[in-house]
J.: 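Quick one: the structure is below, and I'll ask about it shortly.
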Amino acid sequence: VQLVESGGGLVQPGGSLRLSCAVSGFTLDRYAIGWFRQVAGRKREGVSCISKRDTTTYYSGNVKGRFTISRDNAKNTLYLQMNNLSPEDTGVYYCVANAWITTAEGMCLNTRTSDYWGQGTQVTVSS
């Protein structure tokens with residue numbers, strides 16, 4: 001199982017980025033999957049997740065309305081479109097998958113030893 005994130009970088013406040021997570025070793029629609037972020041000095045936070053079988057999504061309160069998660073099962077790739085970015089969005093963004101979790105909210109609200117993690121991609125929002 002491998003998850004490889006890309007698309008991070010430096011962007012000015014108000015700008016946009018699209019993160020991608022290419023997965024291999026498993027079929028994307030058989031896993032709940034999502035994006036977590038790590039901000040220095042803070043606990044990892046589930047930002048946005050998508051459910052295992054359908055396209056039910058979950059967003060944390062501080063990104064709702066600005067971020068959009070989507071999945072392309074044919075390409076086995078997960079995306080996170082991030083708009084109107086602010087310095088508070090700065091952090092390392094990780095793609096996380098789990099075969100045992102079914103709901104988007106359940107995926108985002110906890111981490112588990114059964115999770116698969118990518119290596120992360122840095123997002124820096126600064127002027």
Side-chain angles (χ1 to χ4, degrees):
V1 173
Q2 190 173 19
L3 300 90
V4 180
E5 302 96 334
S6 61
L10 173 65
V11 63
Q12 292 187 340
S16 298
L17 283 174
R18 188 174 84 151
L19 305 183
S20 299
C21 173
V23 306
S24 59
F26 65 94
T27 304
L28 192 57
D29 62 355
R30 295 186 180 180
Y31 283 64
I33 191 164
W35 295 94
F36 283 67
R37 71 182 173 195
Q38 177 78 65
V39 178
R42 293 173 59 180
K43 184 181 177 183
R44 281 182 181 176
E45 171 193 20
V47 172
S48 182
C49 296
I50 195 164
S51 61
K52 183 174 183 176
R53 292 190 179 89
D54 56 28
T55 55
T56 304
T57 57
Y58 169 88
Y59 297 93
S60 65
N62 51 8
V63 307
K64 201 167 188 177
R66 300 187 297 121
F67 291 12
T68 303
I69 191 171
S70 62
R71 141 180 111 194
D72 186 330
N73 292 334
K75 294 182 178 180
N76 240 22
T77 302
L78 179 75
Y79 302 99
L80 185 69
Q81 178 66 44
M82 305 187 295
N83 297 329
N84 194 22
L85 285 161
S86 72
E88 289 69 37
D89 296 314
T90 294
V92 180
Y93 284 69
Y94 296 90
C95 179
V96 184
N98 192 296
W100 302 103
I101 304 300
T102 55
T103 68
E105 184 174 3
M107 184 67 199
C108 259
L109 293 186
N110 290 290
T111 60
R112 299 142 289 265
T113 56
S114 56
D115 288 339
Y116 292 103
W117 290 74
Q119 84 287 351
T121 186
Q122 176 71 43
V123 171
T124 303
V125 185
S126 176
S127 55

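Side chains are part of it too, since the values below use all heavy atoms of this structure and drop only hydrogens, waters and symmetry mates. Note that the structure is a prediction, hence the values are computed from the model and not measured.
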J.: Roughly how far apart are T68 OG1 and M82 CE, rounded to 0.5 Å?
T.: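 Here the interatomic distance stands at 11.0 Å.
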J.: Report all side-chain donor-acceptor pairs from residues 90-97 shorter than 3.5 Å, counting only partners two or more places apart or in another chain.
T.:
unit_1 : atom_1 : unit_2 : atom_2 : d
T90    : OG1    : P87    : O      : 3.0
T90    : OG1    : V125   : N      : 2.9
Y93    : OH     : R37    : NH1    : 2.8
Y93    : OH     : D89    : O      : 2.6

J.: Sequence neighbours excluded, which residues qualify as side-chain contact (heavy atoms from CB on, under 4.5 Å) partners of S51?
T.: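 Expected list: D54, T56, A104.
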J.: Can you list the steps and then say if V23 with C21 is a side-chain contact (heavy atoms from CB on, under 4.5 Å)?
T.: CA-CA 6 Å; V23 306; C21 173; 3.8 Å; yes
J.: So which pairs with a foot in residues 15-28 pass side-chain hydrogen bond (donor to acceptor under 3.5 Å, both in side chains), sequence neighbours left out?
T.: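 Qualifying pairs: S16-N83.
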J.: Considering residues at least two apart in sequence or located in another chain, which fulfil the side-chain contact (heavy atoms from CB on, under 4.5 Å) criterion with Y116?
T.: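 side-chain contact (heavy atoms from CB on, under 4.5 Å) list for Y116, sorted by chain: V1, L3, Y31.
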J.: Residues two or more places apart in sequence or in another chain: which of them pass side-chain contact (heavy atoms from CB on, under 4.5 Å) with V4?
T.: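 V4 satisfies side-chain contact (heavy atoms from CB on, under 4.5 Å) with Q2, Q119 once adjacent residues are dropped.
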J.: For D72, what residues pass the side chain to side chain donor-acceptor pair (under 3.5 Å) criterion, not counting sequence neighbours?
T.: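 For D72, no residue satisfies side chain to side chain donor-acceptor pair (under 3.5 Å) once neighbours in sequence are set aside.
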J.: If the test is side-chain contact (heavy atoms from CB on, under 4.5 Å), which one of L28, N76, T57 qualifies with R71?
T.: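 The passing option is L28.
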J.: Under 3.5 Å, is there a donor on one side chain and an acceptor on the other for E88 and S86?
T.: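 Looking only at side-chain atoms, S86 and E88 do form a donor-acceptor pair, the distance falling under 3.5 Å.
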J.: Looking only at heavy atoms, which two atoms of L85 and R66 are closest? And how far apart?
T.: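 Shortest heavy-atom contact: CA-NH1, 3.9 Å.
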J.: Report yes or no: do Y79 and W35 belong to one cluster of Ile/Leu/Val/Met/Phe/Trp/Tyr joined by side chain heavy-atom distances under 4.5 Å?
T.: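 Y79 and W35: separate clusters.
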J.: Using the salt bridge (Lys or Arg N to Asp or Glu O under 4.0 Å) rule, collect all pairs that involve residues 111-127, keeping only residues at least two apart or in two chains.
T.: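 Non-adjacent pairs meeting salt bridge (Lys or Arg N to Asp or Glu O under 4.0 Å): R112-D115.
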J.: Between K52 (side chain only) and I101 (backbone N and O only), is there a donor and an acceptor less than 3.5 Å apart?
T.: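 No, the answer is negative, given that no donor and acceptor are paired below the 3.5 Å cut-off.
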J.: State the CH2-CG distance between W117 and N98, to the nearest 0.5 angstrom.
T.: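 One finds 11.0 Å between CH2 of W117 and CG of N98.
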J.: Which distance, rounded to the nearest 0.5 Å, do you find between the CZ of F36 and the CE of M107?
T.: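 If I round to the nearest 0.5 Å, the distance is 5.5 Å.
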J.: Return the set of residues passing side-chain contact (heavy atoms from CB on, under 4.5 Å) with C108 (not counting sequence neighbours), or none when no residue passes.
T.: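 Result, side-chain contact (heavy atoms from CB on, under 4.5 Å) vs C108: C49, Y58.
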J.: Restricting to side chain to side chain donor-acceptor pair (under 3.5 Å), what partner residues turn up for S126, sequence neighbours left out?
T.: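 S126 satisfies side chain to side chain donor-acceptor pair (under 3.5 Å) with no other residue.
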J.: Return the CD to CG distance between Q12 and L10, rounded to the nearest 0.5 Å.
T.: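 Going from CD on Q12 over to CG on L10, the span is 8.0 Å.
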J.: Rounded at 0.5 Å granularity, tell me how far CG in N73 sits from CG in D29.
T.: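 Answer for the CG-CG pair, N73 versus D29, is 4.5 Å.
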J.: What's the spacing between E5 CD and L80 CG if we round to 0.5 Å?
T.: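 With rounding to 0.5 Å, CD (E5) is 11.5 Å from CG (L80).
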J.: Hydrophobic cluster mates of W100, side-chain heavy atoms under 4.5 angstrom, ILVMFWY only, any path?
T.: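 So far as hydrophobic clustering goes, W100 is joined with none.
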J.: Determine, using the 4.5 Å side-chain heavy-atom cutoff (strictly less than), whether L78 and F26 are members of one ILVMFWY cluster.
T.: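 Same cluster: L78 reaches F26 through Ile, Leu, Val, Met, Phe, Trp or Tyr contacts under 4.5 Å.
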J.: Taking only residues two or more places apart in sequence, or in another chain, which ones meet T124 in a side chain to side chain donor-acceptor pair (under 3.5 Å)?
T.: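 Counting only residues at least two positions away or on another chain, T124 forms a side chain to side chain donor-acceptor pair (under 3.5 Å) with Q122.
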